[in-house]
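Please read the structure below before turning to the comments.
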Amino acid sequence: MKDAAPQTIFLADYTPFPWLIDAVSLEFHLSPDKTRVISKIVFRPNPASKGGEFFLHGEHVTLIWAKIDGATITPTVTDKGLTCAVPDGAFTWEAEVEIAPATNTALEGLYMSSGMYCTQCEAEGFRRITYYPDRPDVMAVFTVRVESALPVLLSNGDLVAQGDGFAQWHDPWPKPAYLFALVAGDLIATSDNFTTMEGRNVALNIWVRPGDEGKCAFGLEALKSAMAWDEQVYGCAYDLDIFNIVAVDDFNAGAMENKGLNIFNSALILASPATSTDRDFERIEAVIAHEYFHNWTGNRITCRDWFQLCLKEGLTVFRDQQFTGDMRGHAVKRIEDAILLRARQFREDNGPLAHPVRPESFVEINNFYTVTVYEKGAELIGMLKRLVGDDAYARALDLYFTRHDGDAATIEDWLAVFTEATGRDLTQFKRWYAQAGTPRVTVLDDFKDGTYTIHFEQKTNPTPGQDEKLPQVIPIAVGLLNPDGSEAVATRILEMTQDRQSFAFTGLDSRPIPSILRDFSAPVILERDTTMNERAFLLARDTDPFNRWDAGRELARAVLRGIVTAGTPAPRAYLDGLAAVLRDDSLDPAFRALVLSLPSEDDTAQALSEAGQTPDPLAIYHAHEALRVQIAQHLQDMLPRIYAQNQVGGPYSPDAVAAGKRALGNAVLAYLARLDGGMQAAQQYDSAANMTQQLAAFSCLLAIGKGVDQVQAFYDQWQDDRLVMDKWFALQIANAAPEVAVQTAKALTQHALFDWRNPNRFRSVFGALAGNAAGFHVASGAGYDLLADWLIRLDPANPQTAARMTAAFETWRRYGPDRQAGMRTALDRIRQTKGLSPDTGEMVARILG
Ligand code: TRP
Ligand code: ZN
């Protein structure tokens with residue numbers, strides 16, 4: 001065996017696998033250090049292929065024996081897989097391999113977590129279980145026999161036989177290997193059932209380790225809601241008699257949609273009022289729905305190759321966003337999604353890691369499970385829906401489900417059903433999948449003789465490997481308001497297709513105030529030179545909730561820039577605008593909470609760098625803090641009343657109304673803390689009846705440099721709960737003052753409960769450090785050094801998580817020479833580490849450019 005150099009894979013090189021698989025049967029003899037896997041695979045030539053070498057992927061597996069049609073053979077084995085001569089027609093492959101789940105710290109393939117066996121095969125983890133054509137376009141029916149003394153033995157599909165020390169599962173739906181799953185452990189189920197619209201009775205189980213069974217009720221309710229919603233809205237029903245979910249403590253991502261056996265990071269399934277915040281509940285509901293929705297968008301229709309990842313992820317994110325909107329309100333959900341997209345995807349699109357929604361090449365596919373593929377991918381679906389209309393969207397989706405059921409499909413297939421269902425030529429739209437970078441749309445306008453004209457210009461900056469950008473189709477939702485706030489022209493979608501384009505509105509009495517990009521109708525940056533007064537007017541009067549919120553956000557961004565660059569305090573128009581929204585009890589509390597929240601410090605840094613300035617994270621931190629104090633002082637008369645009005649009594653419920661009130665109460669609490677030194681927050685901490693209230697009070701105290709007693713009290717109360725302790729680690733670092741953040745993080749890495757091999761715990765420390773902009777970018781470079789040290793330590797154990805976290809450095813080009821040098825030194829040090837994984841190697845190379 002020799003080490004092959006990391007290889008770049010290209011979309012253009014796709015060829016089908018030369019064989020099809022009629023059936024797969026797997027037999028597992030589980031043991032921590034010596035698990036044996038016996039496979040039997042029936043191959044036959046693929047008529048769609050011109051033929052080729054018989055190559056099976058296999059990594060970190062030891063071949064014991066192999067047979068073709070019953071005769072022992074000796075394949076040529078490398079560290080990537082094996083080849084051998086095979087008969088011309090159909091044949092049966094059999095092999096036995098040995099693997100060691102107990103020492104598998106990468107958490108890909110079969111591994112152990114808190115005493116249980118579990119798997120993670122997406123994207124290319126199945127090859128760590130046995131030799132197989134581990135690619136999504138090879139679909140097969142699996143039969144799985146699991147042998148172990150553990151009491152609960154699970155795999156995909158239906159349970160067909162069970163006895164002392166074994167269980168046998170059969171999944172009738174052909175699937176790619178990345179959807180394979182196996183779980184074995186001492187687990188307890190919380191169960192329910194659901195009858196589909198087709199009359200199928202489905203047993204639902206959430207499996208957890210003993211002690212966690214009290215945290216499953218919410219997940220089961222969310223699952224049933226998602227199942228009902230997918231039937232009502234998309235006509236998609238579940239297709240097996242059993243649906244299992246398992247909670248796992250050590251997991252590289254959020255959750256995984258394995259057919260009939262979803263596996264979840266325990267942080268995204270276990271929920272209880274005492275240990276989970278409102279945000280956790282909302283996120284858990286959304287992730288359960290997301291994984292469930294994959295059953296049709298991902299499993300029944302899968303991806304031809306990993307370049308098509310957005311085909312399943314963009315669409316499934318879009319579907320879970322629709323679901324959450326229906327469950328909890330569309331306006332607030334849209335704002336939350338826009339905040340995430342701008343904070344993370346625009347940042348990615350604007351830096352060295354920018355890539356198209358459908359990338360054209362990769363070294364390690366795990367590095368492309370990104371906000372661009374997921375969230376921008378979802379925006380593309382939303383734009384398509386806006387452009388063709390709701391009815392046509394529904395027809396196109398029906399066609400997609402009927403035509404491609406059972407297929408491994410492509411973006412071309414996806415767009416073709418829209419063209420067919422609507423007659424629309426989507427050639428230009430397809431650029432959204434190929435072109436990286438966020439389009440900037442600049443707006444000018446004029447008014448003459450009753451005609452109001454908007455002039456748009458679009459421009460996308462170069463991104464790595466793409467110097468020239470072509471104009472994209474941009475649906476721009478526009479409404480016009482009269483100066484008295486009434487609507488002059490209701491929302492309409494303007495379709496921009498050229499570099500420069502103008503749209504006229506005739507027959508107007510007076511110059512209207514435009515409300516542009518309503519509902520965030522496209523993932524673009526809107527640039528418009530306008531007055532504070534006009535933004536304040538929109539904040540007070542816009543009838544589109546997204547743009548109303550966004551007007552406030554644009555004001556805040558301008559104010560923050562003014563404070564950082566010139567020390568100009570916030571103008572009255574802005575503060576009065578905030579006061580008017582806060583005071584207006586007719587507005588949804590959740591919406592008011594969002595209006596009160598400020599852009600992140602990273603957002604201000606990004607804005608300054610786009611304006612050609614060098615951001616100073618410390619100055620930005622102080623500007624944000626100064627603005628918080630100024631807002632608190634301006635609103636001080638009404639804060640106690642709003643706080644009191646938004647306390648929620650009675651038993652805890654995570655519903656949107658109650659959560660919205662708590663969100664507003666806690667947004668107000670953060671301002672009160674700037675006035676009363678944390679008195680109210682300390683009181684709330686002591687009387688908190690749920691984690692939402694406790695955690696909000698805790699972070700208010702930490703943010704103003706208090707909370708020493710609460711750090712100890714929280715620890716004493718929650719030290720035995722891993723998920724709550726993740727919050728304890730994260731909060732102390734996220735809220736640490738800039739000069740002590742690195743020290744705080746460093747001290748916490750020495751804590752007995754800092755288990756760095758657990759991805760949740762690692763992220764709770766280093767995700768929080770990277771998110772504390774002024775702390776991470778402290779002038780000494782200590783933040784960069786600490787993160788680099790730990791990424792170097794994590795990489796050999798868990799390359800996937802290490803690689804993903806290198807993105808903390810993606811903004812290095814924004815900063816001044818000293819910080820740039822500090823980050824480059826850290827990145828160089830990672831790059832030069834002996835034995836660095838291809839995962840992290842690819843990321844560092846891309847970041848350095
Ligand atoms: N397909 C999963 C989802 O979107 C994502 C996922 C789970 C994943 N585990 C992973 C991606 C491991 C990469 C590696 O829901
Ligand atoms: Zn997904």
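Predicted model, so just to flag it, every value in this text is computed and none were measured. Atoms within each ligand, like the ligands themselves, are counted from 1 in listed order. Numbering of residues begins at 1 and proceeds along the displayed sequence.
Taking 4.0 Å as the cut-off between side-chain N and carboxylate O, Arg804 and Glu842 do not count as a salt-bridged pair. Checked for salt-bridge contact, Asp249 and Arg209 meet the test: a charged N lies under 4.0 Å from a carboxylate O.
Protein residues lining ligand 1, listed by chain and number: Gln120, Glu122, Ala253, Ala255, Met256, Glu257, His290, Glu291, His294, Lys312, Glu313, Asn366, Tyr369, Tyr374, Gln800 [non-hydrogen atoms, distance under 4.0 Å].
Side-chain contact annotation: Trp296 with Asp230, donor-acceptor N/O pair under 3.5 Å absent. Side chain to side chain, Ser361 and Thr8 fail the donor-acceptor criterion of an N or O pair below 3.5 Å. Asn205 and Ser191 are linked by a side-chain donor-acceptor pair at a separation below 3.5 angstrom, with hydrogens and angles left out of the test. Tyr14 and Gln308 share no side-chain donor-acceptor pair at under 3.5 Å.
Looking only at N/O/S atoms, His290 comes nearest to the Zn ion (ligand 2) through NE2. With respect to the Zn ion (ligand 2), Glu313 has OE1 as its nearest N, O or S atom.
The side-chain contact (heavy atoms from CB on, under 4.5 Å) search around Asp755 returns Arg722, Arg757, Asn758, not counting sequence neighbours.
Taking 2.8 Å as the criterion, Glu257 does not count as a coordinating residue of the Zn ion (ligand 2), since none of its N, O or S atoms falls below it.
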